[in-house]
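Numbers restart at 1 for each chain; the letters A, B, ... are given by sequence-line order, proteins then strands.
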There are 4 protein chains.
Amino acid sequence: MVGGGPTSFVGPIHRMAIRMDDLADLVDGCYSHTDDWHELIERVRGKVDFLIVTTPNNSHFEIAKAGLEAGLDVLCEKPLSLTVREAETLGKLAAKKKLVLGVPFTYTGYPMVKLARDLVKKGVLGKIDKVMMEYVQGSFRRKNASSRKWKMDPKIAGPSCVIADIGVHAFTMVEYVTGLETKELLADVSTYANDAGLEDDASILMRMSEGVKATIVTSKVATGEENGVRLRIYGSKASLFWDQEAPNYLSVKYPDAPERIYKRKASYVGALSPRSVAASRFPAGHHEGFVEALANIYDEFTAAVRTRKGRDFPGAREGIRSMRFVEASLKSARNGSRWTKI
Amino acid sequence: MVGGGPTSFVGPIHRMAIRMDDLADLVDGCYSHTDDWHELIERVRGKVDFLIVTTPNNSHFEIAKAGLEAGLDVLCEKPLSLTVREAETLGKLAAKKKLVLGVPFTYTGYPMVKLARDLVKKGVLGKIDKVMMEYVQGSFRRKNASSRKWKMDPKIAGPSCVIADIGVHAFTMVEYVTGLETKELLADVSTYANDAGLEDDASILMRMSEGVKATIVTSKVATGEENGVRLRIYGSKASLFWDQEAPNYLSVKYPDAPERIYKRKASYVGALSPRSVAASRFPAGHHEGFVEALANIYDEFTAAVRTRKGRDFPGAREGIRSMRFVEASLKSARNGSRWTKI
Amino acid sequence: MVGGGPTSFVGPIHRMAIRMDDLADLVDGCYSHTDDWHELIERVRGKVDFLIVTTPNNSHFEIAKAGLEAGLDVLCEKPLSLTVREAETLGKLAAKKKLVLGVPFTYTGYPMVKLARDLVKKGVLGKIDKVMMEYVQGSFRRKNASSRKWKMDPKIAGPSCVIADIGVHAFTMVEYVTGLETKELLADVSTYANDAGLEDDASILMRMSEGVKATIVTSKVATGEENGVRLRIYGSKASLFWDQEAPNYLSVKYPDAPERIYKRKASYVGALSPRSVAASRFPAGHHEGFVEALANIYDEFTAAVRTRKGRDFPGAREGIRSMRFVEASLKSARNGSRWTKI
Amino acid sequence: MVGGGPTSFVGPIHRMAIRMDDLADLVDGCYSHTDDWHELIERVRGKVDFLIVTTPNNSHFEIAKAGLEAGLDVLCEKPLSLTVREAETLGKLAAKKKLVLGVPFTYTGYPMVKLARDLVKKGVLGKIDKVMMEYVQGSFRRKNASSRKWKMDPKIAGPSCVIADIGVHAFTMVEYVTGLETKELLADVSTYANDAGLEDDASILMRMSEGVKATIVTSKVATGEENGVRLRIYGSKASLFWDQEAPNYLSVKYPDAPERIYKRKASYVGALSPRSVAASRFPAGHHEGFVEALANIYDEFTAAVRTRKGRDFPGAREGIRSMRFVEASLKSARNGSRWTKI
């Protein structure tokens with residue numbers, strides 16, 4: 001593991017997620033700026049199953065690249081890189097060397113998000129009309145907003161703050177659940193918390209394949225919000241709603257029948273999708289949360305590492321598309337919110 | 001009253017709202033297409049306090065105009081007219097004749113919406129950054145969507161379906177609660193439920209005074225939604241959330257303190273605003289709803305009729321601005337979602 | 001109307017409820033202690049359709065009795081009397097004179113409570129096992145708890161405070177929705193807010209017909225609760241939950257299928273009961289509340305007054321049974337919480 | 001570890017909880033009926049830090065006793081034994097040998113339950129009046145209720161089904177959060193799902209120290225409930241509400257101020273208790289659930305094993321008191337719900 005030292009938010013979560021299902025042992029790491037990750041890669045080359053990258057954004061690309069070049073499967077935190085070109089380079093490299101590249105868009109690991117995707121696939125919603133997605137946080141409005149400084153600093157964060165940091169989760173979830181591709185988008189961005197910094201708020205309209213429209217709102221200045229990841233999809237036959245702050249439930253509404261609340265791994269497993277049940281550990285009523293969702297990503301990723309076969313986790317494709325989303329959003333915003341191809 | 005006959009949705013609500021606080025008697029009416037509203041106006045001229053217009057959109061203007069010309073105060077359902085020009089004509093006519101013109105944007109009559117406005121005014125939210133507003137219904141996705149046909153028909157509904165029908169409520173609420181003016185907007189609209197008809201879905205980005213940004217989503221194809229009127233405002237010091245489906249509560253979130261749930265006319269009236277308390281009839285826990293909100297509009301409107309003084313209800317200004325919102329949205333959508341002055 | 005003067009809580013609500021559906025005109029009243037209700041009854045005898053009694057508890061019996069003796073139909077606030085014997089006297093008098101006697105247990109007027117009853121009757125819940133009912137308020141814990149003094153004073157309130165004041169609502173709702181009769185009960189009561197006064201908190205276990213068990217918790221010292229009327233019924237096939245603070249919804253849970261949220265007068269009227277739909281004024285999403293529920297009681301009561309036929313509103317039977325509930329609860333509490341026949 | 005084999009519900013959860021914070025390694029186990037746990041204890045005696053017992057109820061006592069006699073610290077699932085006498089024997093044995101005995105009442109491990117306890121201790125609620133506690137499940141109403149048979153069978157489960165299985169969690173939580181002792185109780189129990197079996201539903205009234213009253217409802221036939229663990233405490237100054245199905249929140253209501261929603265490890269850590277923060281892994285908005293709660297128990301238990309000092313986890317005292325609760329409840333129910341000392 002590179003990154004994820006004592007002050008890291010994601011480092012300990014990754015380690016807990018790995019231990020949860022006892023799928024891998026963390027054998028070596030480079031947890032501090034002063035450690036040399038090149039040496040780490042040399043040390044573990046040929047000896048470990050995969051490399052985890054949880055450093056700040058601006059080193060993702062070079063470390064992931066070095067890992068792949070050393071023949072290691074790699075799980076790299078989002079954003080996969082600072083540019084689309086870099087992400088594509090990683091994708092091509094992994095493909096060429098037949099290595100597994102994972103990008104832990106953790107929210108796609110939630111059982112009820114998988115159920116949402118499977119209900120869509122099964123046609124329960126009919127033809128999708130519209131998606132409303134949001135990922136809003138209020139972290140930059142806290143007195144002690146320690147992350148605000150570096151996250152708004154282009155030298156460390158790259159060209160984007162909120163879109164690259166959490167907007168990519170929103171975007172990936174929209175494409176993951178609908179199974180559709182975004183064709184073009186327009187964006188309006190703002191910088192509220194620090195005049196000199198990168199954007200901390202964005203409103204984005206999207207046009208997807210099959211005539212579907214979507215809105216994405218993402219913000220770091222949504223005062224009082226903790227981690228508001230909320231997805232709604234309206235189809236011709238039904239709609240669904242998922243809220244990460246009540247992650248074990250999925251609401252499905254119908255035009256002419258009462259709303260239904262699906263619960264994770266409830267007794268009516270027949271009505272749930274096999275994949276959502278497989279991604280659950282405990283019966284309904286015993287809450288699973290963030291670490292279980294990340295563990296689900298690891299379950300699928302490590303299975304891919306073992307079997308060398310495709311599995312249900314976000315990888316190079318999602319990493320690249322999410323970078324295209326970042327670039328298209330920034331470009332549209334610079335151009336007076338003009339519609340921009342993705 | 002003109003309109004509001006047996007098949008009308010709003011007619012009975014208006015009559016209940018008028019009776020609720022016993023402020024006026026309904027003395028005469030013209031409730032059917034076959035009745036002649038010109039005759040009604042002649043009959044009541046000089047004998048009644050005011051005229052209520054609850055007909056379909058395409059006759060609002062001429063009836064309201066005739067009423068004002070006959071010297072009657074007028075309360076006219078939204079949209080006030082089919083065009084900005086017509087709305088301005090009514091506004092000027094009312095101003096010239098010193099008559100009261102009311103437009104019942106009912107949601108502004110809810111006590112907790114008034115509290116939201118008063119908390120904003122008092123500075124509780126600090127500097128506002130962003131507003132997220134939605135008014136979504138799923139009515140056009142029902143099997144028996146009787147209103148779909150005429151509401152999507154330009155001959156009856158005018159140039160807009162969803163924006164003029166419910167989007168104007170959303171827009172008016174945003175300006176009412178924030179006290180700000182919208183400067184420009186961009187829109188993307190869709191027609192899902194009936195290929196040949198007017199737009200039934202719209203996503204709108206707005207730039208308001210003082211650098212505030214807003215999003216408005218409005219839809220008639222939000223399957224399973226009944227009457228989803230939801231307002232969120234994020235400020236530098238706090239944010240607020242109101243949902244019409246739980247109208248007696250207002251949530252206020254802070255960056256560094258627990259979320260607070262304000263309840264209508266609770267014991268802590270000191271923490272509530274006098275106007276929100278005045279707009280309440282029963283103590284907290286005894287639910288008030290839609291008819292009470294409309295009755296609050298009537299309370300203020302009839303007080304204005306009696307006193308000839310300005311009061312807290314939406315009138316010509318809001319009627320005109322909401323028509324500008326409709327026109328700007330349609331224009332932007334026609335022009336590839338270009339930013340458009342309002 | 002007797003009672004319901006300027007400081008009354010229920011008086012204005014009754015007047016609004018009567019006006020809501022325009023069913024009756026309030027023609028005469030006696031709204032103050034200094035007015036003589038005997039004179040009122042003399043004045044209106046033979047001239048009005050019915051008499052409304054909304055005075056404090058200790059005069060309900062004599063006024064209702066005088067009204068019935070004068071040949072008037074009577075709607076009398078709960079508790080119908082101070083003792084079972086008095087309630088029975090009123091019941092017999094009404095029966096003998098073929099007069100309509102109504103007791104406005106308002107919560108039975110809510111559309112979703114009627115739906116709950118109708119789903120039970122239809123067998124949707126299967127065999128009922130258990131009922132959990134609560135009616136808890138925190139009013140006695142407020143600084144300015146003006147009603148605390150007289151409600152805890154046996155001279156005005158009679159032998160019971162919380163059980164007679166709000167416990168009777170809880171009890172009546174349990175019997176109304178289940179259609180069952182309570183056979184015996186045991187109670188433990190407390191006096192927290194004022195050592196010298198009547199009970200302000202009670203926990204009651206009940207055994208009903210068909211082997212059903214129920215719990216009722218009622219309190220005036222449930223700090224922070226506004227008007228917590230919550231009903232749960234668990235049956236062999238399904239369970240239901242209704243909360244007066246979200247009165248337009250009814251949750252139904254199944255052992256092997258997702259929870260369903262029924263909404264008042266939603267598009268799926270086929271799945272709702274005709275009576276719950278008939279008791280609704282506006283479509284789902286437009287909130288109805290307390291005054292509509294009371295108006296529903298009046299709708300049925302005035303229909304009974306007109307037609308002289310039985311209708312769906314609580315009357316003498318419910319008034320008498322609720323007084324038996326009060327007496328049995330107090331007796332059980334005095335006897336060490338012994339099981340006591342009702 | 002004894003018990004917790006492939007078909008076990010709690011076994012895998014224990015193993016995940018142990019791994020979560022990487023505090024111990026599971027080195028040996030006896031996971032099946034055919035394995036001999038006596039041999040296991042011989043094998044590990046002197047070599048491991050502690051023994052975990054997750055077998056069915058009827059072997060808890062003898063295995064825990066053998067473990068303690070072999071000088072091992074023991075964590076034993078609830079109910080600690082089948083009788084009070086057995087529980088007391090284990091308690092005395094552990095005390096005599098200065099060994100650590102833990103009983104994983106998992107719900108006491110939730111951060112917001114610790115916050116509830118700490119707010120009570122700090123006096124935020126004032127003098128407590130009343131506690132309403134419930135632990136209701138609908139598992140016995142499912143078609144495929146595999147556990148119903150053995151849980152209602154006295155040969156395996158002992159003298160009690162629902163009270164010993166989940167009622168003890170409810171009881172322990174009430175005493176844990178209030179810091180009070182139950183003095184006497186009365187109970188009414190039922191057997192609904194299987195006429196021949198042990199009780200599957202119970203309603204219990206309790207009188208605690210300092211004049212506090214409590215109600216406990218526990219059921220296996222609460223159709224549609226998954227794992228309804230809900231605690232409310234009403235005090236003279238405030239009340240609190242916690243629901244295990246939304247475990248990261250704690251609601252606190254005041255008589256004269258808006259309700260507050262506390263969130264686990266939110267930015268306002270000053271307003272939270274240090275222990276609730278210490279029991280949290282991720283910032284607010286990233287959900288923690290059941291396994292984290294159990295891991296918190298293990299964190300404290302293993303710390304006690306290491307330091308030989310008392311820590312914040314339920315042990316012999318809670319195991320014994322909960323067995324007294326079971327016995328007193330059954331005795332009261334047999335005696336016509338008479339008040340029974342605990």
Check against side chain to side chain contact (heavy atoms under 4.5 Å, CB included), A:K237 and B:R141: CA-CA 7 Å; A:K237 291 185 185 167; B:R141 284 297 180 203; over 6 Å; no
Closest contact, heavy atoms only, B:T223 versus A:S239: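 Closest approach of B:T223 to A:S239, heavy atoms only: O-OG, 2.6 Å.
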Minimal non-hydrogen separation, A:V217 against B:K130, with atom names: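 In this case the closest contact between A:V217 and B:K130 is CG1-NZ, 3.5 Å.
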Top contributor to chain A interface from B:S236, B:S190, B:G138, B:A257 [non-hydrogen pairs under 4.5 Å]: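 Top option by heavy-atom pairs under 4.5 Å: B:S236.
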What part of [X] lies closer than 4.5 angstrom to a heavy atom of chain A: side chain, backbone, both or neither?
X      : value
B:A222 : both
B:K127 : neither
B:V136 : side chain
B:D129 : both
B:E226 : neither

Top contributor to chain B interface from A:E225, A:K253, A:K213, A:R232 [non-hydrogen pairs under 4.5 Å]: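 Most heavy-atom pairs under 4.5 Å with chain B: A:K213.
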Chain B contacts, top residue of A:V252, A:L186, A:D256 (heavy-atom pairs, under 4.5 Å):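 Most heavy-atom pairs within the cutoff with chain B belong to A:D256.
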For chain A, which residues of residues 197-210 of chain B have heavy atoms nearer than 4.5 angstrom: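 Residues in range: B:D201, B:A202, B:S203, B:L205, B:R207.
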Interface residues of residues 335-342 of chain A facing chain B - heavy atom cut-off under 4.5 Å: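 Listed by number, the contacting residues are A:G336, A:S337, A:W339.
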